[in-house]
Amino acid sequence: MQKLIFDYTVQSNLRVLGQPVPPELLSGLTALGVDPRKPLLPAYPVETYTALIDFITGRLWPELPQEEAGFELGRAFMCSYQETLMGKAVFSVTKLLGPHRTLDRMSRNFRSANNYTETRLRKLGPGTYELWFNYALRTAYFRGLLSEGLERAGAKGLSVTLAASGPNGEATFRISWTE
């Protein structure tokens, strides 16, 4: 099965660049297979999406190490995503659910963005969890996504760290917050 990222996820990352996308970035995006001047495809291969993440972080945060830039893009993505129809629906639910139940729904949340994400959640203690992803190549980007999303769900004193990563893209994050 080909791993695909859905169009509104790509669109939310493009929105981080500014709307409309600055003309000086169009040729680089088009070279990746993403042309914001045309209607987006329904889905993009994960390789295209990963290249898009690298492109955006390199343009918006060139002074930062790749890990920090990825984290910043993950946070910025969530702010942009909240402005979409799907994002408004997701965030209205997460605010009601709070951080614990939001983590319980993580596979469902990510499956709205792509066709392949699987997660497993393990509670380690009050407000402390491990969250495993079957495929999370840009782990700093995922840390940013999780940080911004869980803060918006009400987590205070949040910490999201990479606990482990594997050769096939799997990753485990340790997540904790004050109760």
For [Y], is there any backbone N or O sitting under 3.5 Å from a side-chain donor or acceptor partner on [X]?
{"X": "Asp7", "Y": "Ala43", "result": "no"}
{"X": "Ser176", "Y": "Thr128", "result": "no"}
{"X": "Asn115", "Y": "Ile5", "result": "no"}
{"X": "Thr119", "Y": "Phe133", "result": "no"}
{"X": "Ser80", "Y": "Ala76", "result": "no"}

Plane angle bin for Phe142 and Phe110 - parallel if under 30°, tilted between 30 and 60°, otherwise perpendicular: parallel
Ring-face cation contact, Phe173 with Arg143, 6.0 Å cut, 45° max: no
Any donor-acceptor N or O pair under 3.5 Å, side chains Asp54, Tyr141: no
Donor-acceptor pair between Tyr49 and Asn13 side chains, under 3.5 angstrom: yes
What distance do [X] atom [atom1] and [Y] atom [atom2] have between them, rounded to the nearest 0.5 Å?
{"X": "Glu148", "Y": "Phe91", "atom1": "CD", "atom2": "CZ", "value": "7.0 Å"}
{"X": "Gln66", "Y": "Leu73", "atom1": "CD", "atom2": "CG", "value": "11.0 Å"}
{"X": "Tyr116", "Y": "Lys3", "atom1": "OH", "atom2": "NZ", "value": "7.5 Å"}
{"X": "Ile175", "Y": "Tyr129", "atom1": "CD1", "atom2": "OH", "value": "9.5 Å"}
{"X": "Arg152", "Y": "Ser92", "atom1": "CZ", "atom2": "OG", "value": "13.0 Å"}
{"X": "Glu72", "Y": "Ile56", "atom1": "CD", "atom2": "CD1", "value": "14.0 Å"}

With a 4.5 Å limit on heavy-atom distance, are the side chains of [X] and [Y] in contact?
{"X": "Thr94", "Y": "Leu150", "result": "no"}
{"X": "Thr139", "Y": "Glu67", "result": "yes"}
{"X": "Gln2", "Y": "Val46", "result": "no"}
{"X": "Trp177", "Y": "Pro99", "result": "yes"}
{"X": "Arg105", "Y": "Arg111", "result": "no"}
{"X": "Val21", "Y": "Gln19", "result": "yes"}
{"X": "Leu121", "Y": "Glu130", "result": "no"}
{"X": "Thr57", "Y": "Leu64", "result": "no"}

Exercise answer: donor-acceptor pairs, residues 160-170 side-chain atoms, under 3.5 Å, sequence neighbours excluded:
residue: Glu170; atom: OE1; partner: Asn168; partner atom: N; Å: 3.4

Worked verdict on Thr172 versus Leu131 for side-chain contact (heavy atoms from CB on, under 4.5 Å): CA-CA 5 Å; Thr172 302; Leu131 179 62; over 6 Å; no
How far apart are the closest heavy atoms of [X] and [Y], and which atoms are they?
{"X": "Met78", "Y": "Gly149", "result": "CE-CA, 3.8 Å"}
{"X": "Val34", "Y": "Leu40", "result": "CG1-CD2, 4.2 Å"}
{"X": "Glu83", "Y": "Lys88", "result": "O-CE, 3.6 Å"}
{"X": "Tyr44", "Y": "Val10", "result": "CD1-CG2, 3.6 Å"}
{"X": "Leu26", "Y": "Pro36", "result": "CD2-CG, 3.6 Å"}
{"X": "Leu158", "Y": "Leu146", "result": "CD2-O, 4.4 Å"}

Over 12 foreign heavy atoms within 6.0 Å of NZ, Lys123: yes
Criterion side-chain contact (heavy atoms from CB on, under 4.5 Å) on Thr117 and Tyr135, from CA distance to verdict: CA-CA 7 Å; Thr117 295; Tyr135 195 79; 6.0 Å; no
Decide whether [X] and [Y] are clustered together by the hydrophobic rule: side chain heavy atoms of Ile, Leu, Val, Met, Phe, Trp, Tyr closer than 4.5 Å, transitively.
{"X": "Tyr81", "Y": "Leu4", "result": "no"}
{"X": "Leu52", "Y": "Trp61", "result": "yes"}
{"X": "Phe55", "Y": "Phe71", "result": "no"}

Full working for side-chain contact (heavy atoms from CB on, under 4.5 Å) between Leu17 and Leu29: CA-CA 11 Å; Leu17 291 169; Leu29 291 168; 4.0 Å; yes
Derivation and outcome, side-chain contact (heavy atoms from CB on, under 4.5 Å), residues Arg59 and Leu25: CA-CA 9 Å; Arg59 297 317 176 277; Leu25 300 179; 3.8 Å; yes
Note: Glu151-Arg75 ion pair, threshold 4.0 Å (strictly below): yes
